[in-house]
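No hydrogens, no waters, no symmetry mates; every other heavy atom, side chains included, goes into these values.
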Amino acid sequence: MTSSDFMTKGIIALLGCFAAAYIGQEILGASMLGYLIGTAILAGTTGPFLFAVLRWCKEKHALRTKKL
């Protein structure tokens with residue numbers, strides 16, 4: 001994975017966190033619907049970033065085991 005792709009996913013995840021907090025609290029008034037939509041935004045924006053981090057960790061682990 002390239003570092004620019006990793007950075008792009010990280011920035012999108014960060015923006016998604018802010019968007020979920022804003023929509024969940026300010027626009028929808030902290031109701032159950034606000035929490036549901038906020039969670040959906042978090043899952044959609046941070047999911048690809050977390051999967052990229054897991055894939056990166058597996059690649060690093062595979063390189064370490066090959067060296068041993």
Do [X] and [Y] make a side-chain contact, defined as non-hydrogen atoms from C-beta onward lying under 4.5 Å apart?
X: C17; Y: T45; answer: no
X: I41; Y: I23; answer: yes
X: F6; Y: V53; answer: yes

Closest approach of [X] and [Y], non-hydrogen atoms and distance?
X: G16; Y: L42; value: O-CD2, 4.2 Å
X: A13; Y: F49; value: CB-CB, 3.9 Å
X: A43; Y: P48; value: O-CD, 4.3 Å
X: A20; Y: G38; value: CB-O, 3.3 Å

Taking atom [atom1] of [X] and atom [atom2] of [Y], what is their separation to the nearest 0.5 Å?
X: W56; Y: K60; atom1: CH2; atom2: NZ; value: 5.5 Å
X: L15; Y: I12; atom1: CG; atom2: CD1; value: 8.0 Å
X: K9; Y: L50; atom1: NZ; atom2: CG; value: 11.0 Å

